[in-house]
2 protein chains.
Amino acid sequence: MARTAGSHSALTAPRIRAAAQSLFARHGFAAVSMRQIAAEVGVQVGALYNYTPDKQSLLFDLMVDHLDDLMRALDAEPLPEDPMQALEGFARFHIRHHAARPEAVFIAYMELRNLSPENFAQVEALRHRYEDRLTAILTRGQAEGQFRIGDPRITTMAIIAMLTGVNTWFRETGRLRLDEVETMYWDMTRQLVGG
Amino acid sequence: MARTAGSHSALTAPRIRAAAQSLFARHGFAAVSMRQIAAEVGVQVGALYNYTPDKQSLLFDLMVDHLDDLMRALDAEPLPEDPMQALEGFARFHIRHHAARPEAVFIAYMELRNLSPENFAQVEALRHRYEDRLTAILTRGQAEGQFRIGDPRITTMAIIAMLTGVNTWFRETGRLRLDEVETMYWDMTRQLVGG
DNA sequence: CCTTGATCTGAACGCACGTTCAGTTAATAA
DNA sequence: TTATTAACTGAACGTGCGTTCAGATCAAGG
């Protein structure tokens with residue numbers, strides 16, 4: 001046997017991505033085999049190599065696409081002049097965006113050490129660009145006397161860690177709706193910066 | 001060849017633990033082989049099985065010991081009556097304790113999915129007990145009107161995520177000393193609870 | 001000094017891994 | 001209808017995996 005009925009790269013490619021993302025998130029990159037991914041897609045393992053040069057590229061592409069998606073989505077958000085409003089926008093956006101794609105977020109945070117040094121550097125640079133957006137808001141608010149904070153860079157790390165932490169416990173089926181969580185975390189963020 | 005000169009379980013056991021911890025933290029549990037651990041210790045792979053029934057137990061024991069250590073250390077801390085002072089004690093303790101053992105912390109957070117369901121439940125229970133200490137402080141401070149917070153449980157998760165985040169960027173060789181970081185994060189924590 | 005038990009070696013087990021590739025079939029263009 | 005290309009199969013490659021175990025050597029107590 002060979003080419004199968006209905007097979008098409010425009011269909012198979014996203015299914016491979018989805019299978020890899022789901023399996024990497026559940027079991028971890030190192031614990032997932034190419035054969036498992038192929039089985040989830042419904043092809044033989046060799047077919048995967050029409051779509052990726054190797055296993056690591058599968059992981060790298062997932063991360064880069066996730067971070068590109070994140071940056072594009074942030075750029076599409078309004079950026080109010082007022083630092084407090086800008087901070088609220090960022091906090092709410094961060095929670096909403098991350099809660100909507102827990103698998104991609106999980107992988108992007110947990111599998112960094114499985115990247116080659118060059119790939120790691122690229123991913124880190126993308127993440128840095130995102131963090132810089134928050135740092136800019138904090139620096140502006142501090143300069144305008146609205147925020148009572150110390151080092152804006154440290155504050156950035158603290159806020160992002162706090163907000164991203166939502167993904168470790170939030171479940172759609174839990175007692176709180178996401179918009180309630182969003183408001184609770186915005187309240188905490190606001191107080192954290194002295195507002 | 002067989003038993004080697006100077007070999008003793010009291011020496012080999014901790015060296016196996018240390019090697020496993022170091023390698024798991026650096027490369028991840030699934031990516032580390034028993035042969036790598038043995039090589040780091042300087043024995044053949046078979047010798048490891050005098051000390052652990054299998055690979056997973058090595059991971060589980062590291063996690064449990066870390067969490068036991070964490071609870072014992074917290075219990076050894078003074079617990080002031082005043083909620084604000086108690087919170088300061090907790091925040092500073094958390095940062096100090098975690099910064100001192102980054103490998104154990106990293107493993108305890110990243111390798112949960114490599115545990116069997118029973119082992120996972122045990123580790124989760126231990127972590128919950130630790131979190132409960134912070135929740136108790138927050139609940140008391142809220143009842144006494146000192147803290148301006150919402151749900152104490154959510155606030156617990158937010159604070160712990162923020163504080164633990166220090167480990168992702170702090171380096172001994174960086175521009176900030178740990179006691180400076182400690183104070184910065186305590187300032188943020190205090191403001192977060194409305195103090 | 002001798003015995004006993006602790007400690008480790010060296011080899012082996014079957015299995016799964018990532019990757020490659022010649023060959024085969026389906027889709028598509030001419 | 002035919003020729004071409006896209007998509008996939010099936011089998012194979014060498015390697016490393018976790019775990020087991022009989023046997024060899026060392027440490028320690030009497």
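Proteins get letters first, then strands, A, B, ... in listed order; numbering begins at 1 in each.
- Between A:Thr12 and D:dC8 there is a side-chain polar atom (N or O) within less than 4.0 angstrom of OP1 or OP2.
- Distance from the side chain of A:Asp54 is smallest to C:dT19 among C:dT19, D:dT19, D:dC17.
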Quick one: do B:Tyr109 and A:Thr168 satisfy side-chain contact (heavy atoms from CB on, under 4.5 Å)? Show the steps, please.
CA-CA 10 Å; B:Tyr109 272 86; A:Thr168 64; over 6 Å; no

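- Rounded to whole angstrom, the span from the CZ atom of A:Arg3 across to the P atom of C:dT25 amounts to 14 Å.
- As rounded to whole Å, 7 Å separates atom P of D:dC8 from atom CD1 of A:Ile16.
- We find that CD of B:Gln44 is positioned 5 Å from P of C:dT9, with the value rounded to whole Å.
- In this structure, B:Ser33 reaches the D:dC17 phosphate: one of its side-chain N or O atoms is under 4.0 Å from OP1 or OP2.
- Distance NE2 (A:His8) to C1' (D:dT5): 11 Å, rounded to an integer number of Å.
- With rounding to the nearest 0.5 angstrom, the CZ atom of A:Arg129 is 4.0 Å from the CE atom of A:Met71.
- If you measure from atom CG of A:Leu58 to atom P of C:dG18, you get 11 Å, rounded to the nearest angstrom.
- Look at B:Ser7 and you won't find any side-chain N or O under 4.0 angstrom from OP1 or OP2 of D:dC26.
- Nearest to the side chain of B:Met34, among C:dA27, D:dA27, D:dT19, sits D:dT19.
- Of the residues A:Phe106, A:Phe60, A:Phe24, the one that meets the ring-ring contact (aromatic ring centres under 6.0 Å, His included) test with A:Phe29 is A:Phe24.
- Taking only side-chain atoms of A:Thr4, from C-beta outward, the nucleotide of C:dC8, D:dT9, D:dG18 with the closest atom is D:dT9.
- Two rings, from A:His98 and A:Phe170, have their centers 6.0 Å or more apart.
- Rounded to an integer number of Å, the gap from CD of A:Gln56 to C1' of C:dC17 is 16 Å.
- Side chain of B:Ala5, nearest nucleotide from D:dA27, C:dT19, D:dC8: D:dA27.
- None of B:Leu112, B:Asp132, B:Ile160 except one satisfies the side chain to side chain contact (heavy atoms under 4.5 Å, CB included) rule with B:Arg127; the exception is B:Leu112.
- With D:dA12, D:dC8, D:dT19 as the candidates, the nucleotide lying closest to the side chain of A:Ala47 is D:dC8.
- Residue contacts for B:Val32: at a heavy-atom cut-off of 4.0 Å it reaches the sugar-phosphate backbone alone, with no base atom in range.
- Atom CG of B:Leu48 and atom C1' of D:dT19 are 11 Å apart (whole Å).
- Closest to the side chain of B:Asn50, out of D:dT19, C:dT7, C:dT19, is C:dT7.
- Regarding B:Lys55, its NZ atom lies at a distance of 8 Å from the P atom of D:dT19, rounded to whole Å.
- Comparing C:dT19, D:dC17, D:dA6 against the side chain of A:Tyr49 picks out C:dT19 as the nearest.
- The pair A:Glu131-A:Arg153 meets the salt-bridge criterion, since a charged nitrogen lies less than 4.0 angstrom from a carboxylate oxygen.
- Side chain of A:Arg35, nearest nucleotide from D:dT9, C:dT28, C:dG18: C:dG18.
- Closest contact between the side chain of B:Tyr51 and the listed nucleotides C:dT19, C:dT7, D:dG18 involves C:dT7.
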